[in-house]
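It should be emphasised that the depicted structure is a prediction, and the values quoted were computed from it without experimental measurement.
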Amino acid sequence: MSHHTETLVIGAGPAGLTASYLLSKHGHSVTVLESDPKQVGGISRTVSHNGYLFDIGGHRFFSKSKAVVDLWDEILPNDFIERPRLSRIYYNGKYYAYPLKAFEALKNLGLGTSIACVASYLYARAKPVREPKNFHEWVRNQFGERLFSIFFKTYTEKVWGMSCDAISADWAAQRIKGLDLGAAIRDGVKRSLGLRKRQKAGGPVIKTLIESFRYPRRGPGMMWEAAAAKTKAQGGRVLLDRTVDSLSYDQGTGLWTASARMSDGTRETYTARHVVSSAPVRDLVNAIRPRPLSTFNARALAYRDFLTVALIAKSDKNFPDNWIYIHDPSVKVGRVQNFRSWSPEMIPDESHTCLGLEYFCFEGDGLWSSSDADLVALAKAEIGRIGLIDPADVVDACVVRQPKAYPVYDEEYSAHINTVRLELQRDFPTLHLVGRNGMHKYNNQDHAMMTAMLTVENIRAGRRLHDVWRVNEDAEYTESGLSGVQEALTSERLVPRKVA
């Protein structure tokens with residue numbers, strides 16, 4: 001049996017559900033197909049394990065876009081809490097405030113290492129690498145070799161699974177731009193002495209340094225469960241356990257036909273005037289029949305995967321950090337989330353704590369393929385080595401694997417994605433790519449939402465009012481609604497370039 005809908009949305013993550021909510025709100029017929037058999041939200045979902053709640057990676061609700069913030073408030077009006085932002089760096093058995101406090105850093109590093117860092121910095125500034133081509137050279141020029149090795153190298157290589165010598169200097173310039181060591185030292189002294197003034201309302205905001213953020217009281221999944229429920233209340237459909245593996249377009253009728261497979265092997269067919277896809281580009285192009293010429297390019301796109309080991313422990317140890325960056329090379333864990341500090345409602349028992357140890361990996365590698373028992377044993381050993389809790393206090397654990405968490409930009413990335421994008425735009429004007437994996441762009445939740453918001457405007461207008469490919473991490477949206485958005489989309493977020 002074939003089901004018809006005006007717009008078919010593939011994927012029920014932030015981008016897909018933003019599109020479905022707004023389309024159904026304006027009276028459009030919309031159906032969402034989500035491959036997950038249990039819940040919506042994608043990487044922004046909230047996982048529940050024996051009453052304990054945690055999310056995949058930690059999702060702060062902060063945006064420069066008033067339109068996005070207004071939409072959050074519209075979908076989830078009464079469930080946000082304000083949370084203080086605190087994170088630290090763990091290195092060589094010691095903890096460092098992030099952003100750094102100068103006196104604490106000097107004490108932890110020791111006088112000799114601190115002097116060596118300053119000397120290394122002065123040498124790098126006097127004799128910089130000309131035209132730095134990779135992350136290592138760029139950071140070395142800005143901060144010196146010693147600071148690079150302490151505060152940049154290990155964590156960056158854990159996240160991306162590649163040498164800092166293989167990561168583009170452009171990425172470093174984008175992610176660390178505007179950070180001056182002298183200014184950082186002055187700021188660190190002020191923090192140490194308690195002299196730093198709070199951010200003025202309406203002043204410039206650096207996302208990594210914001211002092212508080214909003215968060216749904218029971219995790220980010222609340223937002224996307226609400227968006228799905230409101231889509232349904234407005235007449236739309238949100239269907240789980242549907243993997244779209246065949247998609248074809250009839251030039252004569254202007255209709256798309258999609259075939260979706262369920263886990264029990266049964267199939268459903270859908271027809272639609274528009275398709276909005278937040279599925280990974282590689283998967284989407286593989287599903288199109290006849291196969292596009294750019295199929296080879298889509299198949300060449302790579303992804304960085306991710307897993308969380310949540311440890312539940314009977315422990316009275318409490319620390320205020322939302323998360324801790326693990327720069328220490330003696331452990332594999334890259335970051336530790338403290339879910340009670342995200343929201344007390346995530347932890348049902350006040351005598352217990354729940355920590356999420358995050359491991360960055362590639363699907364199919366040793367970490368990814370390890371058994372849950374082995375991963376839990378690794379996490380318990382490493383949390384003990386770090387000293388946050390006693391492994392003997394762990395009473396329960398849960399492992400969650402997240403494939404395709406981060407799109408990888410290798411040397412061929414730009415050419416591949418541009419070839420795919422241009423062919424799909426030329427041949428399929430009613431196929432709309434949105435979101436992080438849908439566009440293979442390393443953006444945040446709010447930017448994924450903005451790509452969907454602009455796509456809805458395009459669909460409603462019947463023409464391309466906005467170029468959604470211009471939405472990116474650095475875009476600032478200063479006006480209510482979507483007016484002036486073209487002037488706001490100004491730059492592109494760069495990510496590491498993986499070298500063969």
Side-chain angles (χ1 to χ4, degrees), residues 57 87-102 104-106 108-110 112-188 191 206-209 304 306 321 323-336 358-361 386 406 408-409 442 473-474 493-499:
S87 58
R88 285 183 293 170
I89 293 169
Y90 176 82
Y91 171 75
N92 199 25
K94 295 180 180 179
Y95 292 92
Y96 298 77
Y98 180 75
L100 294 173
K101 291 182 178 178
E104 177 191 71
L106 288 171
N108 284 353
L109 289 172
T113 301
S114 297
I115 292 173
C117 287
V118 173
S120 175
Y121 165 72
L122 293 174
Y123 179 80
R125 300 302 285 180
K127 295 187 176 182
V129 175
R130 300 297 177 188
E131 299 182 3
K133 294 180 174 58
N134 58 53
F135 182 92
H136 181 178
E137 293 174 347
W138 193 96
V139 175
R140 178 263 181 207
N141 279 1
Q142 297 298 313
F143 304 103
E145 189 70 30
R146 292 299 292 270
L147 283 175
F148 160 77
S149 65
I150 293 172
F151 292 117
F152 293 92
K153 183 179 188 296
T154 300
Y155 182 76
T156 301
E157 292 184 351
K158 282 182 183 181
V159 171
W160 293 106
M162 64 186 83
S163 166
C164 287
D165 293 328
I167 298 174
S168 169
D170 291 341
W171 182 70
Q174 192 277 332
R175 292 303 300 270
I176 316 173
K177 68 181 181 182
L179 181 57
D180 171 76
L181 186 60
I185 291 173
R186 290 191 295 273
D187 182 76
R191 286 178 179 276
I206 302 174
K207 272 194 175 184
T208 56
L209 304 186
R304 185 67 165 159
F306 174 91
D321 306 72
W323 65 91
I324 297 175
Y325 298 104
I326 310 300
H327 286 220
D328 201 302
S330 69
V331 292
K332 294 180 179 179
V333 62
R335 193 169 56 183
V336 177
E358 299 176 347
Y359 294 88
F360 305 95
C361 51
I386 295 168
Y406 307 111
V408 172
Y409 287 21
Y442 182 48
E473 198 275 342
D474 281 336
R493 182 177 189 172
L494 300 173
V495 300
R497 301 183 181 278
K498 184 178 178 184
V499 186

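- The ring pair (Phe, Tyr, Trp, His ring centres under 6.0 Å) check on Tyr95 picks up Tyr90, with sequence neighbours excluded.
- Separating the CG atom in Asn92 from the CD1 atom in Ile150 is a distance of 8.5 Å, to the nearest 0.5 Å.
- A distance of 7.5 Å separates CG in Leu147 from OG in Ser149, rounded to the nearest 0.5 Å.
- Lys158 NZ: more than 12 foreign heavy atoms inside a 6.0 Å radius.
- Here the straight-line distance linking atom SG of Cys117 with atom CD of Glu145 works out to 11.0 Å at 0.5 Å rounding.
- Rounding to the nearest 0.5 Å places NE2 of His136 at 6.0 Å from CG of Asp165.
- Between the side chain of Thr113 and the main chain of Leu109, a donor-acceptor pair closer than 3.5 Å is present.
- A heavy-atom distance below 4.5 Å is found between the side chains of Phe135 and Phe148.
- With rounding to the nearest 0.5 Å, the separation of CZ in Phe360 from CZ in Arg304 is 8.0 Å.
- Heavy atoms only, all atoms of each residue included: Ala124 and Gly144 are closest at CB-CA, 3.8 Å.
- Taking the six-membered ring where the residue is Trp, Trp323 and Tyr325 present perpendicular rings, their angle passing 60° and hence far from 30°.
- Side-chain contact check for Phe306 versus Glu358: some heavy-atom pair is nearer than 4.5 Å.
- In this structure a side-chain-to-backbone donor-acceptor pair under 3.5 Å is present from Glu157 to Cys164.
- In this structure, Lys153 and His327 have side chains that are not in contact, with every pair of non-hydrogen atoms separated by 4.5 Å or more.
- A donor-acceptor contact shorter than 3.5 Å links the side chain of Lys94 to the backbone of Asn108.
- Judged purely by atom type and a 3.5 angstrom limit, Asn141 uses its side chain to pair as donor or acceptor with the backbone of Val129.
- In summary, of the residues considered (Trp138, Phe143, Tyr91), a ring pair (Phe, Tyr, Trp, His ring centres under 6.0 Å) with Phe152 occurs for Phe143 alone.
- Counting only distance, with no hydrogens or angles, the side chain of Thr154 and the backbone of Asp328 share no donor-acceptor pair below 3.5 Å.
- For Arg335 (side chain) and Ile326 (main-chain N/O), no donor-acceptor pair under 3.5 Å exists by modelled atom type.
- With hydrogens and angles disregarded, a donor-acceptor distance shorter than 3.5 Å links the side chain of Asn134 to the backbone of Glu137.
- Separating the CD atom in Gln142 from the OH atom in Tyr121 is a distance of 8.0 Å, to the nearest 0.5 Å.
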